[in-house]
Amino acid sequence: MYTSFTYPGRNNTYSNYQWHWGNFTATQQALNNGWYQWKAYDFQPYANGDAYDNLLGSEIQYNNPSNVNETIGWGNWVTTKLSLDGYRLDATKHMYTPFVNQWLGMR
């Protein structure tokens, strides 16, 4: 079964965007119960050869403009809705660095 998030209970509150398998990196479970990435969409390996991409096995493709726009739109909506004045970002080494920089620049 492919990854898919349609959020029927959201009722298009801030967006009608739906996430499907094509919005995520191509990962699959390895024989040792780890994960391996069989198509690296948006990461270049670091010095040790690890791109740190497979934290949860279903990583968002942040080099996809639609995904970027949706995530930033959601961030703006939740920031306004909850009157947030800051964020704590964990595990950003697993995220596409240009996206993290863009996300932070938008705040």
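- Remark: Asn64 engages no residue in a side chain to side chain donor-acceptor pair (under 3.5 Å) (not counting sequence neighbours).
- Of the candidates Asn69, Asn23, Thr71, Asn12, Tyr17 forms a side-chain hydrogen bond (donor to acceptor under 3.5 Å, both in side chains) with just one, namely Asn23.
- Partners of Asp90 under the side chain to side chain donor-acceptor pair (under 3.5 Å) rule, at least two apart in sequence or in another chain, are Arg88.
- Under the side chain to side chain donor-acceptor pair (under 3.5 Å) criterion, Ser15 pairs with Glu70, sequence neighbours left out.
- Of all heavy-atom pairs spanning Phe99 and Val68, the tightest one is CD1-CG2, 3.9 Å.
- Considering only residues two or more places apart in sequence or on other chains, Leu82 meets the side-chain contact (heavy atoms from CB on, under 4.5 Å) condition with Val78, Leu84.
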Worked check of side chain to side chain contact (heavy atoms under 4.5 Å, CB included) between Asn76 and Tyr14: CA-CA 10 Å; Asn76 290 333; Tyr14 71 88; over 6 Å; no

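- A distance-only check finds a donor-acceptor pair linking the side chain of Asn67 to the backbone of Gln61 [under 3.5 Å].
- Here OH of Tyr7 is found 9.5 Å from CD of Gln18. Values are rounded to the nearest 0.5 Å.
- In this structure Thr13 satisfies the side-chain contact (heavy atoms from CB on, under 4.5 Å) test together with Arg10, Trp77, sequence neighbours excluded.
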